[in-house]
Asks: 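The structure's right below; bear with me while I get my questions together.
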Amino acid sequence: MKYNFELLKVTRTNMLNSVKGLSFESLTNIPKGFNNNIQWNFCHTILVQHLLCYKLSGIPFDIEPEVINRYSKGTKANPNMLKSDFEFFKTIALTSVEALERRYNKNVFKVFNPYSTSYNITLNSIEEAITFNNVHEGLHVGYILALKKAL
């Protein structure tokens, strides 16, 4: 699992570097041909790690329900996006990986509720959730890079 956590840290660092210096206007712009923006992809990506790992394991996490509702699967960017959401997720981008690794190493994840993803794979354990999360994050980093290119 050490490699999975290292991969997640590198992905998050790359994601942070890709948004560095972008204006709020750039973060929230939805280019022609896209249905979301950089901010939505960034926030969604970090939120999903919490949903896959903590929610499916029955472990509470500190993200407000209204924030969860703005960036969960099936949502889209809207014109009233909050800059504070982006700043919050930017702040926890790396610390949430460290916290997940620490908790995993302390065997905190004792229960896991299986979950069938829209990727057509079922997650049956925390290890599978962490591994799948890396796939999910890579997908959304790709979207972020494409959106950035389309600006």
Side-chain angles (χ1 to χ4, degrees), residues 1-57 61-101 103-104 112-151:
M1 287 304 295
K2 184 174 176 59
Y3 180 80
N4 279 307
F5 290 115
E6 184 62 31
L7 181 58
L8 183 53
K9 288 175 197 169
V10 168
T11 302
R12 291 279 175 91
T13 300
N14 290 337
M15 190 167 64
L16 284 165
N17 287 336
S18 73
V19 299
K20 195 178 287 181
L22 293 179
S23 67
F24 184 64
E25 182 180 86
S26 294
L27 292 168
T28 56
N29 180 34
I30 302 173
K32 186 177 180 175
F34 291 88
N35 65 358
N36 260 318
N37 59 29
I38 292 171
Q39 176 165 318
W40 184 89
N41 278 279
F42 185 92
C43 297
H44 168 80
T45 300
I46 296 168
L47 170 65
V48 166
Q49 175 219 312
H50 289 76
L51 297 175
L52 290 175
C53 297
Y54 296 116
K55 185 177 181 183
L56 294 176
S57 297
F61 55 94
D62 294 329
I63 299 177
E64 297 296 324
E66 56 272 6
V67 175
I68 293 170
N69 292 337
R70 285 195 286 274
Y71 299 101
S72 288
K73 176 180 154 186
T75 63
K76 291 184 179 180
N78 69 62
N80 302 317
M81 296 190 91
L82 303 174
K83 187 174 186 177
S84 59
D85 286 350
F86 179 74
E87 294 302 324
F88 168 73
F89 282 107
K90 195 166 80 169
T91 301
I92 69 166
L94 293 174
T95 59
S96 63
V97 176
E98 294 160 1
L100 177 63
E101 183 175 20
R103 290 177 179 135
Y104 178 82
F112 191 85
N113 296 302
Y115 175 72
S116 295
T117 71
S118 56
Y119 202 74
N120 292 325
I121 192 158
T122 299
L123 308 176
N124 294 298
S125 68
I126 187 62
E127 291 81 8
E128 290 178 3
I130 292 167
T131 300
F132 176 76
N133 185 66
N134 283 334
V135 171
H136 179 261
E137 295 219 3
L139 175 77
H140 284 282
V141 169
Y143 285 136
I144 289 170
L145 295 173
L147 285 158
K148 189 174 173 182
K149 201 175 226 183
L151 291 177

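None of the values given here were measured: they were computed from a predicted structure. All heavy atoms count here, side chains included; hydrogens, waters and symmetry mates do not.
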Asks: Return yes if some donor-acceptor pair links the side-chain N/O of Ser96 with the main-chain N/O of Ile92 below 3.5 Å, else return no.
Replies: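 Present.
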Asks: I need the Leu52 CG to Lys73 NZ distance, nearest 0.5 Å.
Replies: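 With rounding to 0.5 Å, CG (Leu52) is 9.5 Å from NZ (Lys73).
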Asks: Show me the donor-acceptor pairs within less than 3.5 Å that the side chains of residues 130-139 make with the rest of the protein, sequence neighbours left out.
Replies:
unit_1, atom_1, unit_2, atom_2, d
Thr131, OG1, Asn4, ND2, 3.4
Thr131, OG1, Glu127, O, 3.0
Asn133, ND2, Glu137, OE2, 3.2
Asn134, ND2, Asn4, O, 3.1
Asn134, ND2, Asn4, OD1, 3.4
His136, NE2, His44, NE2, 3.1
His136, NE2, His140, NE2, 3.2
Glu137, OE1, Arg12, NE, 2.9
Glu137, OE2, Arg12, NE, 3.2
Glu137, OE2, Arg12, NH2, 2.6

Asks: Looking at CG of Leu100 and CD of Gln49, how far apart are the two atoms once the value is rounded to the nearest 0.5 Å?
Replies: 5.0 Å
Asks: Using the test side chain to side chain contact (heavy atoms under 4.5 Å, CB included), find all partners of Ile30 that sit at least two apart in sequence or belong to another chain.
Replies: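 For Ile30, the residues satisfying side chain to side chain contact (heavy atoms under 4.5 Å, CB included) (neighbours in sequence not counted) are Phe34, Asn37, Ala77.
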Asks: Testing the basics here: between Ser72 and Trp40, what is the closest heavy-atom pair and its distance to 0.1 Å?
Replies: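 Closest approach of Ser72 to Trp40, heavy atoms only: O-CZ2, 3.9 Å.
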Asks: Just to verify, what does Asp85 make a side chain to side chain donor-acceptor pair (under 3.5 Å) with, not counting sequence neighbours?
Replies: Arg70, Tyr71
Asks: Crowded around Lys55 NZ? As in, over 12 foreign heavy atoms under 6.0 Å?
Replies: no
Asks: To the nearest 0.5 Å, what is the distance between CD on Glu98 and CG on Leu8?
Replies: 10.5 Å
Asks: I would like to know whether Phe42 and Phe89 meet ring-ring contact (aromatic ring centres under 6.0 Å, His included); could you show each step before the answer?
Replies: CA-CA 8 Å; Phe42 185 92; Phe89 282 107; 7.6 Å; no
Asks: Restricting to side chain to side chain donor-acceptor pair (under 3.5 Å), what partner residues turn up for Ser18, sequence neighbours left out?
Replies: none
Asks: Return the set of residues passing side chain to side chain contact (heavy atoms under 4.5 Å, CB included) with Phe24 (not counting sequence neighbours), or none when no residue passes.
Replies: Thr28, Gln39, Lys83
Asks: To the nearest 0.5 Å, how far apart are CD1 in Ile63 and CG in Asn69?
Replies: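 Between Ile63 CD1 and Asn69 CG, I get 12.0 Å after rounding to 0.5 Å.
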Asks: Check Ser26 against Ile38 and note the closest heavy-atom contact, atom names and distance.
Replies: O-CD1, 4.1 Å
Asks: Test of understanding: with side chain to side chain contact (heavy atoms under 4.5 Å, CB included), list the residues that count as partners of Ala99, not counting sequence neighbours.
Replies: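 If we apply the side chain to side chain contact (heavy atoms under 4.5 Å, CB included) test to Ala99, skipping adjacent residues, the hits are Tyr54, Arg102, Arg103.
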Asks: Using the rule side chain to side chain contact (heavy atoms under 4.5 Å, CB included), only one of Asn17, Thr11, Leu16, Val10 pairs with Thr13; which is it?
Replies: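 In the set Asn17, Thr11, Leu16, Val10, the residue that makes a side chain to side chain contact (heavy atoms under 4.5 Å, CB included) with Thr13 is Asn17.
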Asks: What's the shortest heavy-atom distance between Ser57 and Cys53, and which atoms?
Replies: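 So the minimum-distance heavy-atom pair works out to OG-O, 2.7 Å.
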Asks: Within the supplied structure, the quantity of interest is the number of heavy atoms (other residues, nucleotides, ligands) at a distance under 6.0 Å from Phe61 CZ; does it exceed 12?
Replies: yes
Asks: Begin with the C-alpha distance, continue with both residues' side-chain angles, and end with the deciding distance and a verdict on side chain to side chain contact (heavy atoms under 4.5 Å, CB included) for Leu27 and Met81.
Replies: CA-CA 10 Å; Leu27 292 168; Met81 296 190 91; over 6 Å; no
Asks: A quick test of your reading: do over 12 heavy atoms of other residues, nucleotides or ligands sit less than 6.0 Å from NZ of Lys90?
Replies: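 Open: at most 12 neighbouring heavy atoms sit under 6.0 Å from NZ of Lys90.
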Asks: Measure the CG-CG distance between Asn124 and Leu56 for me, rounded to the nearest 0.5 Å.
Replies: 11.0 Å
Asks: Specify the closest pair of heavy atoms between Thr91 and Glu87, including all atoms of both residues, with the distance to one decimal.
Replies: OG1-O, 2.8 Å
Asks: Hey, could you give me the OH/CG distance between Tyr115 and Leu123, rounded to the nearest 0.5 Å?
Replies: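 Answer for the OH-CG pair, Tyr115 versus Leu123, is 8.0 Å.
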